[in-house]
Protein chains: 2
Amino acid sequence: MDTRAISPEPSPWLPFESRRRARDEKREAVLRTAVQLFLEQGYHRATLNGVAERLNITKPALYNYFRSKEDILFECWSIGQERVEDRISETDAMPGSGLLKLRNIVGTYAGIMASAFGASLVRFNVSDLSEPNRKVTLAGKRRIDRAFRGYIRQGIADGSIEPCDIKLTAFAILGALNWIGHWYKPDGDLTPDQIAEDFSVRLTAGLAKRPQKKKARKPA
Amino acid sequence: MDTRAISPEPSPWLPFESRRRARDEKREAVLRTAVQLFLEQGYHRATLNGVAERLNITKPALYNYFRSKEDILFECWSIGQERVEDRISETDAMPGSGLLKLRNIVGTYAGIMASAFGASLVRFNVSDLSEPNRKVTLAGKRRIDRAFRGYIRQGIADGSIEPCDIKLTAFAILGALNWIGHWYKPDGDLTPDQIAEDFSVRLTAGLAKRPQKKKARKPA
DNA sequence: ACTTTTTCTTACCCTTAGGTAATATATTCA
DNA sequence: TGAATATATTACCTAAGGGTAAGAAAAAGT
């Protein structure tokens, strides 16, 4: 769109903003390429030269956008984490039973795990991060744990979920979900949506409270 | 123990064997220390100097027992893999329904995952291995997948397991199990046995074939 | 067109850690 | 005790790769 023809007095801010945008686009391109390479080869075997090469630039150019390799790693993790936390916020604000919320987060989380930034949440090693960044990631992991446990706890309270060991249940569900980040391949025969739909049912089916017979035994 | 005083005619093989044993013990000590350090710090951040230091020796001494760092990594993986495959063989030979076999392997697998060599199956990066070794590990992972799917398939065939998507079911169960290798801490409040017992029920509860509604069999 | 700022490249530094050579020290065995 | 073997140490090499300095090239602003 050529704004000069429409607006005779272009704001001096526009070029600045467009420059900012271009910069951010390049930054994101670096992150996309980096996370891809980190996943393919592992963080340590992947080199910044390799990242730069894929972008048709040279290594030092990367340092216009990031302060260090670890910085890139941490940002990749942050993007994945933010996606998850956004969905958790949405789910928290959702009306409905704990079981419903759990089903919702399981499905969306599965979808995220099938993306590169999502997989980076479980494929990267926290000990490759600096102490401050490591603390941030560990706190993030705890928040995810807490969210899942919260939905289960709510479900038990509102009667939608059969009473169970909350901690182990959350571990089991999160394990099944996180494992997606290890086995999912974009060129496979399963789409993220299929996985999300299946897992949202599969991982919660055993938890739903069944209609009370005289003696309710084990959950389905 | 001074064998010379007891046996007047000592076989020339005995010293040799005892030396072999001592050697193997040292080898295993290296592996135990190495796997521990690899898990604590990650393969790349952990150094052979660090491994040697914990053993009160120096780095080159390690090369009396292993040809390279990668060699050590691969052996750690192999030990974990062997433990799993042993249990799979046992389970294969077991009598009983597919569901029973699945419960059995889930429990034992959970226990293995709560050990250092077991965790090494999921905490280490295949791309840190040489091409031949990587092929071996990938083949190993496939064998585990195949075993789990086999039990599920058998269970469906013999009527102990409700028909389901075999592949996704196996992924979900293996994910929950493998995740143990990431969260289990020996100093936590859960013992491997507790986890094994819980998971063997938890991860299979949703699969068991329920009494058919047609026949209206009320639970006693 | 000229200046300034941003972005990128070439050339380089330098630490780290895996691996090796030469050699010393135990240990075994006769 | 002395030769042979096994095992460990000291000292060193070397490649790889993260990171930096100086300056060229491109873009923006005037």
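Residue numbers start from 1 in every chain, and the chains themselves are labelled A, B, ... in the order their sequence lines are given, proteins ahead of strands.
Counting any heavy atom pair closer than 4.0 Å across all strands shown, B/Tyr65 reaches sugar-phosphate atoms only and no base atom. Among the heavy atoms of the strands lying under 4.0 Å from B/Ala46 are primed sugar atoms or P, OP1, OP2 only; no base atom is included.
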Counting primed atoms plus P, OP1 and OP2 as sugar-phosphate and everything else as base, spell out the protein contacts along nucleotides 21-27 of chain D at 4.0 Å heavy-atom distance: B, S or - for each nucleotide, 5' to 3'. -------
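For A/Thr47 and D/dG17, the shortest distance from a side-chain N or O to OP1 or OP2 is not below 4.0 Å. Contact between the side-chain N/O atoms of A/Lys26 and the OP1/OP2 oxygens of C/dC8 is found at a separation under 4.0 Å. Under 4.0 angstrom from either OP1 or OP2 of D/dG18 there lies no side-chain N or O belonging to A/Tyr63. Residue A/Arg23 places at least one side-chain N or O closer than 4.0 Å to OP1 or OP2 of C/dT7.
Straight-line distance from the NE2 atom of B/His44 to the C1' atom of D/dA16: 11 Å, rounded to whole Å. Regarding A/Leu62, its CG atom lies at a distance of 9 Å from the P atom of C/dC8, rounded to whole Å. In this structure, the CZ atom of A/Arg45 is 14 Å from the C1' atom of C/dA17, given to the nearest Å. The nearest whole Å value for the distance from the CG atom in A/Asn49 to the C1' atom in D/dT20 is 14 Å. Separating the CZ atom of B/Phe38 from the P atom of C/dG18 is a distance of 8 Å, rounded to the nearest angstrom. One atom, NZ of B/Lys59, and another, C1' of C/dG19, lie 7 Å apart when rounded to the nearest Å. With rounding to whole Å, B/Glu25 atom CD is found 13 Å from D/dT7 atom P. When rounded to the nearest whole Å, the span between OH of A/Tyr43 and P of D/dG17 equals 13 Å.
A centroid separation of less than 6.0 Å is found between the aromatic rings of A/Phe171 and B/Trp183.
We find the OG1-OH distance between A/Thr191 and A/Tyr184 to be 7.0 Å, quoted to the nearest 0.5 Å. The CD atom of B/Glu90 sits 7.5 Å away from atom OG1 of B/Thr108, with the distance rounded to the nearest 0.5 Å.
The side chain of A/Asn64 lies closest to C/dT7, out of D/dG19, C/dT7, C/dA17. Of all nucleotides listed (C/dA17, C/dC8, D/dG19), D/dG19 comes nearest to the side chain of A/Lys69. Residue A/Leu48 has its side chain nearest to D/dG18 when only C/dG19, D/dT7, D/dG18 are considered. Of the candidate nucleotides D/dA8, C/dT9, C/dG18, D/dA8 has the atom nearest to the side chain of B/Ala61.
B/Arg153 pairs by the side-chain hydrogen bond (donor to acceptor under 3.5 Å, both in side chains) definition with nothing, not counting sequence neighbours. Qualifying side-chain hydrogen bond (donor to acceptor under 3.5 Å, both in side chains) partners for B/Lys167, counting only residues two or more places apart in sequence or in other chains: A/Asp189.
Side-chain atoms of B/Asn125 and B/Ser127 include a donor-acceptor pair closer than 3.5 Å.
The backbone N or O of A/Glu70 lies less than 3.5 Å from a partner atom in the side chain of A/Tyr43, making a donor-acceptor pair.
Between A/Glu40 and A/Arg54 there is a salt bridge, with a side-chain nitrogen of the basic residue lying less than 4.0 Å from a carboxylate oxygen of the acidic one.
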